[in-house]
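Each ligand, and each atom within it, is numbered from 1 in the order the structure gives.
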Amino acid sequence: MLFRQLFDYESYTYTYLIADLNTKEAALVDPVIEQVERDYKLLQELGLTLKYCIETHVHADHITGTGKLRELTGCEGIVPENANVDCASRLIKDGEILKVGEIEIKAIATPGHTDSHMAYLVNQDRVLTGDALFIRGCGRTDFQSGDAGTLYDSVTQKLFSLPEDTLVYPGHDYRGHSVSEIGEEKRCNPRFIDRTREQFIEFMGNLNLPDPKKMMEAVPANQQCGNAVAA
Ligand SMILES: [Fe+2]
């Protein structure tokens with residue numbers, strides 16, 4: 001399996017490239033519109049055929065590259081069910097498996113950051129946690145139908161029940177981390193250790209974060225698969 005972690009310095013977003021080097025099929029998870037040229041060039045250099053662009057959720061901090069990549073490659077755009085994105089090629093449900101060559105990508109419903117968020121277990125040994133779980137952090141829950149109690153349940157019951165050595169690849173990082181493990185986050189993630197569900201809800205309710213700079217354009221654009229930017 002080819003697995004690459006790519007970074008967008010403006011939105012601190014990780015995009016993941018997953019490919020089967022035998023069949024040359026590939027998927028991108030959470031591509032960013034400003035990085036489409038980089039991603040498309042990489043696909044060409046590696047001789048890969050893009051089969052899927054997969055979203056973990058409708059993002060508020062950047063516009064997805066899926067619309068442009070669909071135009072360039074004819075790939076399918078995969079979006080979590082209930083995400084209110086009518087232009088998706090296909091909606092994906094909890095437990096559903098996408099195949100990229102022989103590689104399995106399994107959707108794990110992990111709502112809370114948004115109400116339709118999916119994490120993706122890749123090759124059974126690594127999980128793309130989107131904005132549900134960051135390295136020593138987690139996504140915010142104060143907009144886009146976010147709910148702190150739901151996020152707590154998703155992380156502690158679903159992600160933390162994966163094998164301890166499952167690699168954790170987040171949707172963003174703001175401090176320079178790139179990868180962790182489930183066991184490590186269970187032991188060290190300050191948002192979850194020694195906090196009950198009620199304490200977590202109270203903590204998340206008091207973060208008082210500013211809205212993402214691009215939220216007003218990013219959410220409507222992403223509901224159009226990145227094709228139309230709201231004025
Ligand atoms: Fe997000």
Grab the two heavy atoms, one from Thr64 and one from Asn222, that are nearest each other, plus how far apart they are. N-OD1, 2.7 Å

Is the distance from the Fe ion (ligand 1) to the nearest N/O/S atom of His117 under 2.8 Å? no

Does Arg191 come within less than 4.0 Å of Glu185, counting only side-chain N to carboxylate O? no

Run the side-chain donor-acceptor check on residues 93-106: report pairs under 3.5 Å with partners two or more places apart or on a different chain.
unit_1	atom_1	unit_2	atom_2	d
Asp94	OD1	Ala109	N	2.9
Glu96	OE1	Lys93	N	2.9

Regarding Asp131, does it place an N, O or S atom less than 2.8 Å from the Fe ion (ligand 1)? yes

For a distance under 2.8 Å, tell me if His113 has an N/O/S atom near the Fe ion (ligand 1). yes

Asp30 and Thr56: side-chain donor and acceptor closer than 3.5 Å? yes

